[in-house]
Amino acid sequence: MAGKLTVITGPMYSGKTTELLSFVEIYRLGRKEVAVFKPEIDNRYHSTMIVSHSGDGVEAFAIKKSKEILEYIDQKTKGVFIDEVQFFDTELFDVVKELLDKGIDVFCAGLDLTHKQNPFETTSLLLSLADTVIKKKAVCHRCGEYNATLTLKIAGGEEEIDVGGQEKYIAVCRNCYNTLKG
Ligand code: ADP
Ligand code: TMP
Ligand code: MG
Ligand code: ZN
């Protein structure tokens, strides 16, 4: 049977990584073999672990190109988990299709929008392929409501590819984004 794709998306701090890790746990509890990946560029907390903003983590393969995923899977692999998909090349779309056709379930987590509200292309492609989309919200840094759908960059320049955390980015609702942008 073909696998299913679940995409977890939303702004920073919305719990995407936490939710991805909870699916890893579900597969491990079911004694299903998993393979976990992250892009090599994301070295925020650890080079070979996926770590959430609250500090939980699992071991992951840090890879440069989407195609490398295929080297790590075998007949026994039941679930593939990929964090920070916005940083992967667009070939991830074809790699994921290949995994689904092999009967492997795929879980992807990543940002939908840059801090300038431009779509991250690889995430957009995966959203179009998803069987299930989980759209997360964060608590707005300015108004305190649980309605933040955007990420605002508060330091470090204008670049849209720029690894970082609370020193550079906050989660905000649309009203507060517009207010803070002036
Ligand atoms: P993501 O991968 O979406 O950035 P994580 O799963 O790594 O999110 O982190 C989620 C955790 O971040 C929450 O459980 C909470 O402890 C913490 N956190 C920090 N700032 C916020 C915020 N503004 N809104 C919600 N959670 C936040
Ligand atoms: P997170 O969603 O797990 O918090 O991680 C998002 C990563 O993406 C983090 O390293 C910051 C980075 N990022 C960018 O490179 N460009 C952006 O526009 C935004 C919003 C985040
Ligand atoms: Mg994350
Ligand atoms: Zn707000």
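As the structure lists them, so they are numbered: ligands from 1, and atoms in each ligand from 1. Note that the structure is predicted; figures quoted are calculated from it, not measured.
Remark: side-chain polar atoms of H53 are not paired, donor with acceptor, to backbone N or O of S14 under 3.5 angstrom. At distances below 3.5 Å, not a single donor-acceptor pair connects side-chain atoms of K32 with backbone N or O atoms of I26. Between the side chain of Y177 and the main chain of H115, a donor-acceptor pair closer than 3.5 Å is present. Under the 3.5 Å distance criterion, the side-chain polar atoms of K38 are left unmatched by any main-chain donor or acceptor of E84. The backbone N or O of Y169 lies less than 3.5 Å from a partner atom in the side chain of Y13, making a donor-acceptor pair. A donor-acceptor pair under 3.5 Å is formed between the side chain of K16 and the backbone N or O of P11.
Ligand 2 places these atoms under 4.0 Å from at least one heavy atom of I161: 15 (O). Heavy-atom contacts of T18 reach the following atoms of ligand 1: 5 (P), 6 (O), 9 (O), 10 (C) (cutoff under 4.0 Å). Within ligand 1, counting atoms from 1 as listed, the ones closer than 4.0 Å to a heavy atom of G15 are 1 (P), 3 (O), 5 (P), 6 (O), 8 (O), 10 (C). Interface of P11 with ligand 1, defined as ligand atoms under 4.0 Å from a residue heavy atom, comprises 3 (O). Atoms of ligand 2 found under 4.0 Å from any heavy atom of L111, numbered from 1 in the order shown, are 2 (O), 6 (C), 8 (O), 13 (N), 19 (C), 20 (C), 21 (C). Within the listing of ligand 1, atoms 24 (N) sit less than 4.0 angstrom from a heavy atom of A138. Atoms of ligand 2 lying under 4.0 Å from any heavy atom of G164, numbered from 1 in the order shown and given with element: 9 (C), 10 (O), 11 (C). Close approach to T114 involves these atoms of ligand 2, each under 4.0 Å from a residue heavy atom: 18 (O). Atoms of ligand 2 lying under 4.0 Å from any heavy atom of T151, numbered from 1 in the order shown and given with element: 20 (C). Set against the non-hydrogen atoms of Q86, the atoms of ligand 2 under 4.0 Å away are 6 (C), 7 (C), 8 (O). Taking every heavy atom of E160 and a limit of under 4.0 angstrom, the matching atoms of ligand 2 come to 14 (C), 15 (O), 16 (N), 17 (C), 18 (O). Per-residue contacts place V163 under 4.0 angstrom from the following atoms of ligand 2 (heavy atoms of the residue considered): 10 (O).
Considering backbone and side-chain N/O atoms, S52 never comes within less than 3.5 Å of an N/O atom of ligand 1. Checking only distances, F87 never comes within under 3.5 Å of ligand 2, N or O to N or O. Not one N or O of E159 is nearer than 3.5 Å to an N or O of ligand 2, by distance alone. Residue contacts with ligand 2: H53 is placed with a nitrogen or oxygen under 3.5 Å of a nitrogen or oxygen of the ligand (distance criterion only). Ligand 1 has a nitrogen or oxygen under 3.5 angstrom from a nitrogen or oxygen of T17. When only interatomic distances are considered, the shortest N/O to N/O separation between D162 and ligand 2 falls below 3.5 Å. Residue contacts with ligand 1: V139 is placed with a nitrogen or oxygen under 3.5 Å of a nitrogen or oxygen of the ligand (distance criterion only).
Of all non-hydrogen atoms in M12 and G164, the two that sit nearest each other are CE-O, 3.5 Å. The two atoms that bring E167 and A155 nearest to each other are O-CB, 3.5 Å, heavy atoms only. Here the closest non-hydrogen pair linking C176 and R142 is SG-NH1, 3.2 Å. S54 and T18 get closest at one heavy-atom pair: OG-OG1, 4.3 Å.
Centroid-to-centroid, the aromatic rings of F37 and Y72 come within less than 6.0 Å.
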Pair up each side-chain donor or acceptor in residues 92-112 with any protein partner under 3.5 Å, not counting sequence neighbours, and list the distances.
unit_1, atom_1, unit_2, atom_2, d
D105, OD1, K4, N, 2.8
D105, OD2, Y27, OH, 2.6
D112, OD2, K135, NZ, 2.9

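In this structure, of H115, Q117, E158, the residue bringing a heavy atom nearest to atom 18 (O) of ligand 2 is H115.
Remark: F88 CZ to D83 CG distance equals 9.0 Å, nearest 0.5 Å.
Excluding waters, the protein N/O/S atoms found under 2.8 Å from the Zn ion (ligand 4) are C140 SG, C143 SG, C173 SG, C176 SG.
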